[in-house]
Amino acid sequence: MGTEVITIDGPTSSGKNSVGFLLAKKLDYRYIDTGMIYRAGAFKILKQNIPPSDIEKILEVYRNLNVRFEMDGGWKMFLDEEDVTEALHEPAVSELTSKVSAIQQVRDIMKGLQRKIAGSGRVVMGGRDIGSEIFPDASFKFFLTASVKVRAQRRFKQLQRKNPTIKYEDVLSSMIERDKRDFTREASPMRVPENARVIDNSNLSVEQTVEKMLQHIHA
């Protein structure tokens, strides 16, 4: 097989990141979270005060993204050599990411970038269209899911650490809205990739989810 890529797709807070990281460690692969690359672009757009209507400037940001990942002692993302891992989960970044990722030209730029990053092989790549659009021929494709209430609870716990005043109801309604956008957008709508193994991890831990994936890979 040429490039060895394992794809993991799924909606927000379906555990792609933690599961992908652990799976990659167990297989001695690299883990790439493509959602964080979209977020890095959104972070830069916000930092430069680019209005969401200025498509040309937005495309310029994505064309010139300088990102890299580290896996030592936890997964980290660097943008222009600065560790931005924590900053990329800010609500404003999430909101803008959802909008810019629906722009077809942004997705086209990202498609090239994602393929380039995975070029050296032995990669676990997580996202929303990896198995369907980016690597449709990957040998192993997974689609992680969980009920929207479980996913909202996970995201709520994450956000609550930074902002104790945040309300679960707000997180839930914004997640329902995000799901709707992801599944109905014109540019690469989220769907279960052909031949993907679907795993509902509403009641599974990260370790149990990875165990299921490894059983499938080694079968």
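For reference, positions follow the sequence shown, starting with 1.
- Residues Lys141 and Ile130 fail the side-chain proximity criterion, which asks for heavy atoms closer than 4.5 Å.
- Counting only N and O atoms by type, the side chains of Gln160 and Tyr168 include no donor and acceptor under 3.5 Å apart.
- The nearest pair of heavy atoms linking Ser98 to Arg181 is OG-NE, 2.5 Å.
- For the pair Glu95 and Arg178, the salt-bridge criterion is not met [side-chain N within less than 4.0 Å of a carboxylate O].
- For Arg107 and Asp129, the salt-bridge test passes: some basic side-chain N is under 4.0 Å from an acidic carboxylate O.
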### Query
Which is it for Ser202 and Arg151 under the side chain to side chain donor-acceptor pair (under 3.5 Å) test, yes or no, and what are the steps along the way?
CA-CA 8 Å; Ser202 298; Arg151 290 188 290 115; over 6 Å; no
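- Taking each heavy atom of Pro189 and Phe183 in turn, the nearest pair found is CB-O, 3.5 Å.
- A donor-acceptor contact under 3.5 angstrom links the side chains of Asp108 and Gln104, judged on distance only.
- Summarising the geometry of Met77 relative to Ile37, their closest heavy-atom pair is CE-CA, 3.9 Å, with the distance given to 0.1 Å.
- For Arg197, the salt bridge (Lys or Arg N to Asp or Glu O under 4.0 Å) criterion is met by no residue, not counting sequence neighbours.
- The salt bridge (Lys or Arg N to Asp or Glu O under 4.0 Å) test applied to Glu90 returns Lys162, not counting sequence neighbours.
- Heavy-atom contacts from other residues, nucleotides or ligands closer than 6.0 Å to CD of Gln48 number more than 12.
- One finds no salt bridge joining Lys16 and Asp9 here, because no Lys/Arg side-chain nitrogen approaches an Asp/Glu carboxylate oxygen to under 4.0 Å.
- Using a 4.0 Å cut-off between charged side-chain N and carboxylate O, Glu82 and Lys47 make a salt bridge.
- Using a 4.5 Å cut-off on side-chain heavy atoms (C-beta onward), Asn201 and Thr145 make no contact.
- When side chains are defined from C-beta on, Glu194 does not count as touching Ser132, because their heavy atoms never get closer than 4.5 Å.
- In the displayed structure, Lys111 atom NZ is contacted under 6.0 Å by more than 12 heavy atoms of other residues, nucleotides or ligands.
- Between Met36 and Lys76, every side-chain heavy-atom pair lies at or beyond the 4.5 Å cut-off.
- Here the closest non-hydrogen pair linking Leu88 and Arg39 is O-NH1, 2.7 Å.
- In this structure a side-chain-to-backbone donor-acceptor pair under 3.5 Å is present from Arg154 to Ser13.
- Take Asp200 and apply the salt bridge (Lys or Arg N to Asp or Glu O under 4.0 Å) test, not counting sequence neighbours, and it matches no residue.
- Across all their heavy atoms, Val67 and Ala40 have their closest contact at CG1-CB, 4.0 Å.
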